[in-house]
Amino acid sequence: MRAAVLKAMVLGLIRDPAALVLSFVLPAAVFAIFALIFAGATGGSLAIKLAVLDEERTSASERFLKGIKTHPQIELLELQDGNSEEVVALVRSGVADVGIVVRGGERTLASGSSDGEPPIVLITDPTREIAVAVVEGIVQESYFGKLPDVVIGGVARIVATDLLPLDPAQKARLDAALEALTRDIEEREKTETASGDSGDDRIRLPFDRLVERRSGIGEPGVSTSISYYAGAVAIMFLLYSALTGGLTLLQERESGLLERISTGPAGARPVVDGKFLYLVLQGTTQVGIIFLVAWLGFGLNLPAHLSPWFAVTLAAAVSASGLMLGFVALCRTMQQANTLGTILVLVVSAIGGSMLPRFLMPSYIQALGWATPNTWALEAYAAIFWRNESWSAIGLPIAVLIASGLAGLLVAHLALARQR
Amino acid sequence: MTGPFLEVADASFHYGRRHVLDHVALSVDRGEIYVLLGPNGAGKSTLVRAITGQIHLDNGQVLVGGARPEVNASARRSIGVVPQNIALYEKLNARENLHVIGRLMGVAASGMQQRITEMLDRIALGDRARDRVEVLSGGMRRRLNIGAALMHEPSLLILDEPTVGVDQAGRHAVRELLIALRDGGLAVLLTTHEMDEADALADRVGVIVEGRLKAEGTPGHLVAEQFGQTLELIVQLADPSAPQSKVDKVLSSLNLGYDPSTGQWRGLVMESEVSMQVAVNRIMHAGFSVKDIRMRRPGLDTLLAHLTAQRDLQ
């Protein structure tokens, strides 16, 4: 009997071109769009538009800005002549993400003094905090890497003043040594600029010699973003498709089909079970197509993780199908189910991480996410594709997803029995 | 088994404080078409739900083939239900629909194809077996709707408005099918608002108003019992803008009341007291122009209107 309903649902889908497109083409297309957008933004080719103005125009400011301008993540908008208001205008209009102004005031970059206004001003847009944080890092990197004489001079002055007081002769020798160091660095900069060589870096304090960058989650970069958004889009469409499929339950109740079948030997149960099987099958296929696009179009290493991926996908499809059938069965009318269901899918997907990566959310929203199938599915996919973890790591998410789906199925049965 | 196939005895049911069924008793024999008439909200659907075992009565009982359908699966299985809407899968063809619904009603897979072929012939859709429901005409859908309910060979067929929205030819085909089913020994319970359908099909009629069975019997007997030698006079004025008070005065004197659903004045008159000529004279004398005037023997529609009006008066 369940097979008969499954067959009817499958034939209904195959013979409805619009439903086919909505079920299988649209999710893959939406994923591809997400992947193209976000893989670029989080996969190593992030380009920050930075407006730069050097009012100080000293050797130190030139060296400092050179370190920033040549950074690979910076797309430079350099103002040769102008004032800080023009930089503010560029940020305000969105032409630049962040602006940097090296002031031409009394306190210069090279002075080492802590009195007066800071020599560097960051012009920021509060809606682009990520870009600001990145630029702050680049500023520090350039300060230490390109102005080591300034850094050493500052430290030496603190030592000479507070820790190991120097007599005038010693101070004079220190100042002379620092000036020689500065001249030496400037000479080297000129040589490097002329030859294009990075030259001798013995006296530099480069950031990359202080910090080693190592990925803690397997293959970093594009692949991780792709797998995240493949999972994120997949679970959202799973829920939406399950809602649409579940609505046929109300359609059949309103048409009298359930009433007709309720006098049969098994009542309406085979209809609910048959729809559940169909939705699981449709959902698994839908997610399969999305990950196929991720593999063939965006290089996700799906073949290496095929078995655990299939297990998580099947569990996610069970969860979405059961939960949505349960929800629909509790509704009284098609319109009510459609309206509330769409809101539910959008809210659950937003909280669960299908629209925005969870790590960008406040902690209480992240905690709330564990009440959604989206979060469990996304964590399971992350364990597979990001962290290369074993089956034991996805055991709990799979169990939770299957349990939630079966609970939803039980609710659907109970709701229909109550309505008889 | 002897006696009626469907027996409803002293059936009562309420939703909250409202009595939807109030001590209803009726029976349907094999080879009989029983038509249940009643206005919307009279309790027809609730009675059908009780017969199909979907609700438990507060009092009384329903027996289908001698067993209680709400607890006995074989009693439920002996019922075929034809809902008012087309309860079929639109994207599936006629044969596929019969297959799916047949399976859900417990028809074994073996022999299913032969059963489907026989059913398609019976409902005269053999040549449209591969056509999807969405391309069938209204009458064909109705016949398929009935055929789907017959797949598991029930002994009692319950139909709710089986010809609603169907053209005259389609209605005729459906009626022919129902008569053939009745003649084949099926017990048929039909709810309808179509009085000509009830007149054409009913072996017996039951009129249910506010959960009570107000009248029951053959159509001719019921009408004769209720109306005797009275006739129904129906008048439709040509000029609806005629002075209302004058219209009321003249037509009330003929015992006519206004029916807003048809725009007609209707009433019962004693054949011996008011002839067509008398009625025409009075109306013409008052200066009204008449679009239509008829006098006829009362029918089931008159009976239903009469019983419903009694309820409204109470």
Side-chain angles (χ1 to χ4, degrees), chain A residues 1-23 244-245 247-278 282 329 332-334 413-420, chain B residues 45 48-56 64 69-70 72-93 95-109 112 132-135 141 145-146 148-152 154 156-161:
Chain A
M1 292 182 193
R2 292 170 179 84
V5 176
L6 179 64
K7 179 185 169 188
M9 297 289 288
V10 169
L11 287 175
L13 177 68
I14 290 170
R15 291 171 184 175
D16 188 344
L20 271 177
V21 169
L22 282 175
S23 298
T244 308
L247 286 175
T248 59
L249 198 63
L250 292 183
Q251 246 172 3
E252 287 166 13
R253 191 165 74 192
E254 288 176 8
S255 76
L257 193 66
L258 285 185
E259 181 191 351
R260 155 180 275 165
I261 291 163
S262 65
T263 59
R269 288 181 59 186
V271 176
V272 178
D273 290 343
K275 285 188 189 302
F276 175 73
L277 289 175
Y278 162 76
Q282 177 190 251
R332 290 186 178 277
T333 64
M334 288 272 291
H413 279 300
L414 292 175
L416 281 183
R418 190 171 59 86
Q419 287 158 11
R420 275 186 61 189
Chain B
S45 298
V48 167
R49 284 164 65 83
I51 293 168
T52 55
Q54 294 182 70
I55 58 171
H56 290 255
V64 176
E70 73 272 26
N72 188 305
S74 68
R76 287 199 300 274
R77 199 178 178 283
S78 66
I79 302 171
V81 176
V82 183
Q84 184 182 134
N85 294 323
I86 301 296
L88 300 166
Y89 293 96
E90 287 271 305
K91 297 287 176 191
L92 271 57
N93 64 35
R95 177 171 281 276
E96 289 163 345
N97 264 289
L98 293 180
H99 179 88
V100 171
I101 294 171
R103 289 293 294 137
L104 287 170
M105 295 307 294
V107 178
M112 173 68 89
R132 292 186 203 171
V133 168
E134 60 190 357
V135 302
R141 290 181 194 202
N145 209 24
I146 295 171
L150 296 170
M151 278 300 289
H152 63 295
L156 169 64
L157 185 65
I158 299 176
L159 305 99
D160 184 10
E161 303 280 354

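Note on naming: letters A, B, ... go to the chains in the order of the sequence lines (proteins, then strands), and numbering restarts at 1 for each one.
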Given heavy-atom pairs under 4.5 angstrom as the criterion, report whether the side chain, backbone, both or neither of A:Gln251 touches chain B. neither
Can you measure from [atom1] ([X]) to [atom2] ([Y]) and round to the nearest 0.5 angstrom?
| X | Y | atom1 | atom2 | result |
| --- | --- | --- | --- | --- |
| B:Tyr89 | A:Glu252 | OH | CD | 4.0 Å |
| A:Leu13 | B:Lys91 | CG | NZ | 10.5 Å |
| A:Leu11 | B:Arg132 | CG | CZ | 9.0 Å |

For residues [X] and [Y], report the shortest heavy-atom separation together with the two atoms involved.
| X | Y | result |
| --- | --- | --- |
| A:Ile261 | B:Met105 | CA-SD, 3.9 Å |
| B:Val100 | A:Ala4 | CG2-O, 3.7 Å |
| A:Gly256 | B:Ala87 | C-CB, 3.8 Å |

Taking [options] one by one, which has the highest count of heavy-atom pairs under 4.5 Å against chain A?
| options | answer |
| --- | --- |
| B:Arg77, B:His152, B:Arg103 | B:Arg103 |
| B:Val82, B:Leu92, B:Leu104, B:Ile79 | B:Leu104 |
| B:Gly80, B:Ala149, B:Ala73, B:Ala109 | B:Ala149 |

Does the distance from a Lys or Arg side-chain N to an Asp or Glu carboxylate O, for A:Arg15 and B:Glu96, drop under 4.0 Å?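 B:Glu96 and A:Arg15: salt-bridged.
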Tell me, do [X] and [Y] make a side-chain contact under 4.5 Å, heavy atoms counted?
| X | Y | result |
| --- | --- | --- |
| B:Asn85 | A:Glu254 | no |
| B:His99 | A:Lys7 | yes |
| A:Arg260 | B:Leu88 | yes |

In terms of heavy-atom contacts, does CZ of A:Arg269 have more than 12 from other residues, nucleotides or ligands at under 6.0 Å? no
Per-residue contact mode, B:Asn145 against chain A (heavy atom under 4.5 angstrom): both
